[in-house]
Structures are given as C-alpha cells and as structure tokens.
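In what follows, a single structure is set out as structure tokens and then discussed.
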There are 4 protein chains.
Amino acid sequence: MTTPHTSRPLKERQREEREQLILDAAEALLVEKGYHEMAMDEIAARVGIAKGTVYLHFPSKEELLLALTRRDMSNFIATIDQHLAQASTPAAKLAALVAYQLNAVFGSRFQALIAISQNPELRTRFIDQKSQFALQRQQLEERLTRIFEDGKVSGDFAADIPTPVLVSLFETTLAAHRYQQLVTEHHLTVEDLIAQVTRFFFKGVAAETPHERNPQ
Amino acid sequence: MTTPHTSRPLKERQREEREQLILDAAEALLVEKGYHEMAMDEIAARVGIAKGTVYLHFPSKEELLLALTRRDMSNFIATIDQHLAQASTPAAKLAALVAYQLNAVFGSRFQALIAISQNPELRTRFIDQKSQFALQRQQLEERLTRIFEDGKVSGDFAADIPTPVLVSLFETTLAAHRYQQLVTEHHLTVEDLIAQVTRFFFKGVAAETPHERNPQ
Amino acid sequence: MTTPHTSRPLKERQREEREQLILDAAEALLVEKGYHEMAMDEIAARVGIAKGTVYLHFPSKEELLLALTRRDMSNFIATIDQHLAQASTPAAKLAALVAYQLNAVFGSRFQALIAISQNPELRTRFIDQKSQFALQRQQLEERLTRIFEDGKVSGDFAADIPTPVLVSLFETTLAAHRYQQLVTEHHLTVEDLIAQVTRFFFKGVAAETPHERNPQ
Amino acid sequence: MTTPHTSRPLKERQREEREQLILDAAEALLVEKGYHEMAMDEIAARVGIAKGTVYLHFPSKEELLLALTRRDMSNFIATIDQHLAQASTPAAKLAALVAYQLNAVFGSRFQALIAISQNPELRTRFIDQKSQFALQRQQLEERLTRIFEDGKVSGDFAADIPTPVLVSLFETTLAAHRYQQLVTEHHLTVEDLIAQVTRFFFKGVAAETPHERNPQ
DNA sequence: TATGAATGAGGCTTCATTCAT
DNA sequence: CATGAATGAAGCCTCATTCAT
C-alpha cells in the first residue's frame, strides 16, 4: 500500500506483493475463524502458493500474525494521521476519527485489530510479550491523548474526566463488533449509525454547561 | 452459588460442587488463554482430578463450554433481575446495571461471557448453532429494551436514538476489557471509574432538553 | 445349567447364578459386537449390577472371556456326549452332531465359540496362550477322531482321507456363519438347510463306490 | 501388483507404492491382531513412516480398512476371473477356484478378507453400511451362481440343492482358517490338502447316482 | 526459490481397572 | 459384599514446521 513501486528490483517488488497477499489471506481467515482455525494450509491455498512458501516470508505462524498486526496498526495510524492533519479543532478531529473508524469497522482490516486486541489468547501472546505491538498501541494513544488534552483546553471536552478514561471510552465506543449486527438486523444505514454513535460520544464527553446537571 | 445446601443427599451435593469447580477452572482458562489453549488436561489438573473425571460431568469439551455459558448467562441474568427489581426509574435501573456490570468486569465470570461472545471461533460454534445461547442473549436484550423504552417515555433518554442502538451502546460501553488496564496502569479506583463511565453514558444517551431530570 | 442346586449354601448358589448371568450377557455382547465393543460397563448394565461387581467374579476382561469359553466349550462337549451315547453307528452319531450343531448355529452359544475361534484377535489371545482352551478343543477333537476312525473301519467313511482332514472338514462345514443368512435371505427353513448340509457332508466323506465319477 | 510401471510420473508411482505398503502393513496387522489392535501407530512403524503420513493417504482408520477391503476384493475377483477364463467345464472351473483359494488361504490376502467378513464388529461396519463391499461380494456370488447353474444343467452338480446353498457350501468349505493348522501340525502337504478338499467338495455336490447310499 | 510430502508433538476421548464408601 | 466414581494409559487425528527435490 505504501510500497514504492519504482526504485526497487522487480524480484523484491514481487516478493513484497506476495507478502501482502499472504497477510490479506491471514487477515480474512483470522476474522472469519479465529487464530487457531486460521491454518497455514488454508492461507497458502487462498493465496495460491505452497505452504512452504509462506515460511519463506514468515518464520512461524506467530510471526505471521505479528507482521499482520504491525501492518494493520501501521496503516491504521497513518490513515488517522491524515485525518488529523485535515481537521482543525479537537472536536472536528475526533469526529473525523469516529467517522473513519466506524467505516473501518465494516472492512476487515480494523476487525482484525479488534480480534487481536480482544482475544485473550492473542492478547497474552502479543501485548504482553512483544514490544512492537505495545509500541504501536502507544503511538495510537498518544495521538488521542493529545486531541483530548487540546479539547479540554479549548472547552470541548469535560476537563474532570481523566484523559486516559476519555481515551478508553473512545476506543471502547468504537471497537464494537456489534454495530455490524445492528446494520444487518435492524436495517439501519451505516451513515445513520455513524451519526448516532458520534452524537452519543460527543454528548458523553462534552464539557458540562451550567445548564446540565450531573446525572449522579 | 444458588445451590441449596441442606435438602439434597451428600453425594449429589459433592457432585454439584465438583461440577462448579470444573466450570470455574474452565472459565479461568478460557479467559486466560482462549478456547483452544483451554486443554481438558489442564482443566482437570487445576481442579486436582484426572482427565477422565471431567468427562463424567461433561461429555465433551464443547458441551463443557456450553454448560459454562449457560451457567454464567443464567447467573448474569438473575443478578440483573435483582438489581432491576430494587431500582425504580429507568435511569436508576440503568445506573444499577452499569455499576453491577463494571464491578463484574473485574470478576472472571463476565469476562468469560465477553470472551465467548467476541471470539469468532466460538461465536460460530455457539451463537449460530446452539439455540440455548441465543435464547439467553435475547432475554438479556429484552430487559434492556424495556428499560430504554420506558426511559424514552419518561423523558430520560433520547427518543430519537433507536432503541437497538441504545442497547448496543450500552453493551459496548460496558463490555470494555480495557477498563481493567485503566485501573492497573493509571491508578484509578474502581469506584471512580464507575462514576466516570456512568456519567459518560448518561450524558450520551440523555434526552437533549434543558429540563433533564436526575436519573437517580 | 449343570449346577447342583441342593447341597451348597444359598450364598454360593446365588453367586453362581449371577456368574452365569454375567457370562450370558458377555456372550450376547461378544456375538453382537465383538470383543472390543463388549464393554464391561454394558455387561454389568445388562445384568443389572455394578461394574465393580463383575470384577468380584472375574479378575479381568480377559479372564471373563476365558471363563465364557470354558463354560461354552464344556456345555458343548457335554451335549455332544449325550448325543453320541444315544446313537449307534458312526454315521448316525455324526448325523446327530450335524443336526445338533446346525441347530446351535442359530443359538448364541455356539456362535460365541465360533466368534472366539475365528477372530484373530481372540485366537492369539486364547488358543496360543492359554492351555485350558487348547485342552477342551482337544477333547472335542478326540471325540470326532474316534467317530471317524470307527466309521472308516465300518466302511462309512473314506479310508483314504486322513482323519485330521475329516475332522477339519466337519468343523469347517458346520461352523458356517453364512447359514444364518441363507435362512434369512433365501427363505429356506432350518430343517431343509440341515438336510441339505447333512447330505452334502456325508456324500463328501463317504467311502467311494465304483460308480462315482471323478470331478476332474 | 497390477500397477503399470512405465507410463506414470515417478512421484505418483512412489505414492502408489507407498500406499500399497501401508495396505500391506494394515493387512498383516489385521490378520495378526484384529481391527482394534491394528493401531495406526504400528502400521506407520512397520512401513517405516510417521503416523501423520498414513493420514496423507487415508483420511481415517476406517477408510484405510475400506481401501484394504476394496483392494483385496478387487484382486481376488480379478484373479478368479482369470482362472475361470482358462477352464472349460463348470466342474473344471470350480476345481480351479478351489485350488486357487486354498493356495490363497496360505497368503495373508485372503485371510484378511475372511477376517473382515467374519468379525462381527467389522461386518456391522462394512457389509451393512458401505455399499462398495456389498457390491464386490455380490460380484463374487454372481460368478459362483453362474458356475453352479451351468453345472446343474450339465449334470455335474446336484440339481436338487438350491444354488444359494451350493454357493454357501463352497464358500464355507474354502474359508477354513483351520487348514493352515492341518499343514502345520499334521504334516500334510498343501497339494495333498487341496486334493482332499477338492474331492470332498465335489463328491458332496455331485449329482447323485443310483448306487449311492443315503447316510440318514 | 518454490514446493508439498513427511514429521511428530499435542489434543480429545474411551474404557478397563481400582478403591473408598 | 456391592457400588460406581475416579483414574490414566492408549488410541485416533490435526496441523505447525521442516527439508529433500
């Protein structure tokens, strides 16, 4: 995706392309069936190569998943940065992120990240043991932290909610695997859903005006 | 937990107790490592019995997980009903649920349900194929649906958010595995966290008039 | 069956009766499903006792089968002796045996012996290793040997067929598990079948008259 | 055995050869120990390959046995057809079969078929459930049926014995696992034994001349 | 480099046997 | 004696990983 296509030798470009195809297949399988059912055999079959070839690119199933995570995280952060650069106020930035992420929920890329983050099996394997993932996760949080702290200063967000809590609420609200179901079963459009969730989130984190009362 | 300890023969009580211990061990392993790593061998080892003994209680690994799900769902719904009976207004009921569930997040019971619901491998196996799970899930949603619809009538909740969306937002907000981390890493107390999340949620779903009422 | 009912204490008589019931159940299972599928659990269940009780009578599954074999062999030999005592000429003796055995084919007792003799699994286990079975087998063969040698002297049977071959032909002809099928599928009566097989066998082993043709 | 060695690629030939080796090992084990004791582990060990490799050729133990049965049945029928084509009269055909089969008794191939046919466990599994086996069995019976009916017309065989009975008598007479023992223990040559059994069978099924005596 | 056949550790499940009650 | 819960060895099968071609 961000691969330069010109300056490198053909062989290496082909290699890179195939690597992406392998990751794509792995991602699809991961979302469909989970980590254990994501068999090396089937990954290779979907790409149309031999199983051994997968091992020429990734030394183990675990490393393959790590690479997948790195790629998706990396793409994810890069896309976020683009959105952030285009919006001005913290609230506008957040709104852009919300829209982007909810759209992403319906693509497999983001679901793979969710699957990895939420599956205890994978969490143990990755978050706890491998620093790369933690690093990227941290990059993501830094961006959100900055937005929320800016927004507190500008009066957009409730200053009495600790920023880590805001970040968590943001991630939580957006990481919902159930939204998909809402669209399918309750006949909402994706646009409506985005609008509703966005409004919900902004009302929830808004700085309280004198007229609002504390619900507790 | 709800087992009567007096009227039944000793043997049966012991059997029931052991069954609970097996489910407890399975639950812990499921949360720690996921379904595949939850080996029958290790379940037995944790309970301190032989592998074959597990099979005297549950005919297969899959049935063991189904039983675990049934138990946890059942306990979960029962506890929720208790909370609902004690609160009066819809907002108060929700507040009770929020507090209960967030507390539950820190116990394994609820995490197991989340693990089962979110793991694609298990979702396929259970939600799609076994009606028991779908039935209990539906019972849960009915309760939430009723609260939200009552709350719309009483003016507590935004009438223009479709009820299924409210239900999803509720579940989403509360099913956050990351809250645990917040307490651990950012030194929040559980009580503070509950207060913050509650306020966030209620602001987010509140009817947007100046005259909002106190949910409690 | 041959148990004396008067001179022994009640307890021992009951014990002996139960032992027979266990052997009966084992026999039925052996014929129905073979040795491995003959589970100790099911034997006990069919008798209506606990599994452990079976082990009070027989120290192992193998010993149970050995006891079964002993009993059936013993009954078999005893019944044969009765028939032999009642018939006069060798041919009449053999005819009595043929009729008896073919009738027995349709009872489970004889089938169990066939099952044991013919199953390689059991043959290895019993004939080769345990002398009891070989001993009883030998008793059976002695009787047949005597009849055939008498019959050769009297001119009933072909003197140029070695007696062990005659014995084998006899056993072979009668041990046919396929006769059952003939009755079921081709609507022969048991009586007809016995008549046909008897005639076949006697013609086959008869001393040759000058008028018979050479088949080759 | 009937594999062409020239026209196919090397890989496929090796694969086929290995498959035959696996079937050979399975066959030997089946005859030696029966179906349950025929462990996949040991089959692999005897061929000198790993357990998993067996599963590259046969998807389950049951399928392996089915393939074994198919192969042996198929070879058996093919060889029989060769013999039949070379002999002219029904009696000569039968004599050829008798000689062939009795020779086969001393090879494992035929014993495996007997083991499968006679084991109740396997009978249930194969004859009742899988049509392939029934089909091949039927092919075998058709050939015998034709010979016997031809032989009745030509006056070689007793017309008053129903053909299915003749077929059964034939199979019964030849399927004797005890013949082996005769050669071993009573020092008969295989040729003598074949001559004796052949004569026995033909006398038994011959059309009756006026001079024969009725043994009953 | 690419292949895919081969490997074998590891997981689920069964069942003969034991033993505390 | 009788019970049947408990045990654990052993068997079938899968799949990540290796390696000869």
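So that the names make sense, note that chain A is the first sequence line, chain B the second, and so on, each numbered from 1.
- Heavy-atom distances to DNA chain F give each of A/His36 and D/Met40 a nearest nucleotide, and the one nearer the 5′ end belongs to D/Met40.
- F/dT21: Watson-Crick or G-U partner is E/dA2, with both key distances under 3.5 Å.
- Separating the CD atom of A/Gln14 from the P atom of E/dT1 is a distance of 12 Å, rounded to the nearest angstrom.
- A salt bridge is absent between A/Arg13 and A/Glu19; no separation between the charged side-chain nitrogens and carboxylate oxygens falls under 4.0 Å.
- Distances shown here put every side-chain N or O of D/Arg15 at or beyond 4.0 Å from the OP1 or OP2 atom of E/dG4.
- In this structure, F/dG8 forms a base pair with E/dC15, meeting either the Watson-Crick or the G-U wobble geometry with both donor-acceptor distances under 3.5 Å.
- Rounded to an integer number of Å, the gap from CD1 of B/Ile43 to C1' of E/dG10 is 15 Å.
- Annotation: proximity of residues 47-55 of chain C to DNA chain E (heavy atom, distance under 4.0 Å) is found for C/Lys51, C/Tyr55, numbered in ascending order.
- The side chain of A/Leu56 approaches E/dT3 more closely than any other nucleotide in the set E/dT17, E/dT3, E/dT13.
- The existence of a salt bridge linking C/Arg46 and C/Asp41 is excluded, since no basic side-chain nitrogen approaches an acidic carboxylate oxygen closer than 4.0 Å.
- Exactly one of B/Val54, B/Leu56, B/Thr53 qualifies for a side-chain contact (heavy atoms from CB on, under 4.5 Å) with B/Arg18. That residue is B/Thr53.
- Whole-Å rounding puts the D/Glu37 CD to F/dC12 C1' distance at 15 Å.
- Side chain of D/Lys61 to main chain of D/Met38: a donor-acceptor pair is present (N/O by atom type, distance under 3.5 Å, no hydrogens or angles).
- Contacts of B/Arg18 with the nucleic acid, taken as non-hydrogen atoms under 4.0 Å apart, involve only primed sugar atoms and P, OP1 or OP2.
- Looking at D/Thr69, its side chain does come within 3.5 Å of a backbone N or O of D/Leu65 through a donor-acceptor pair.
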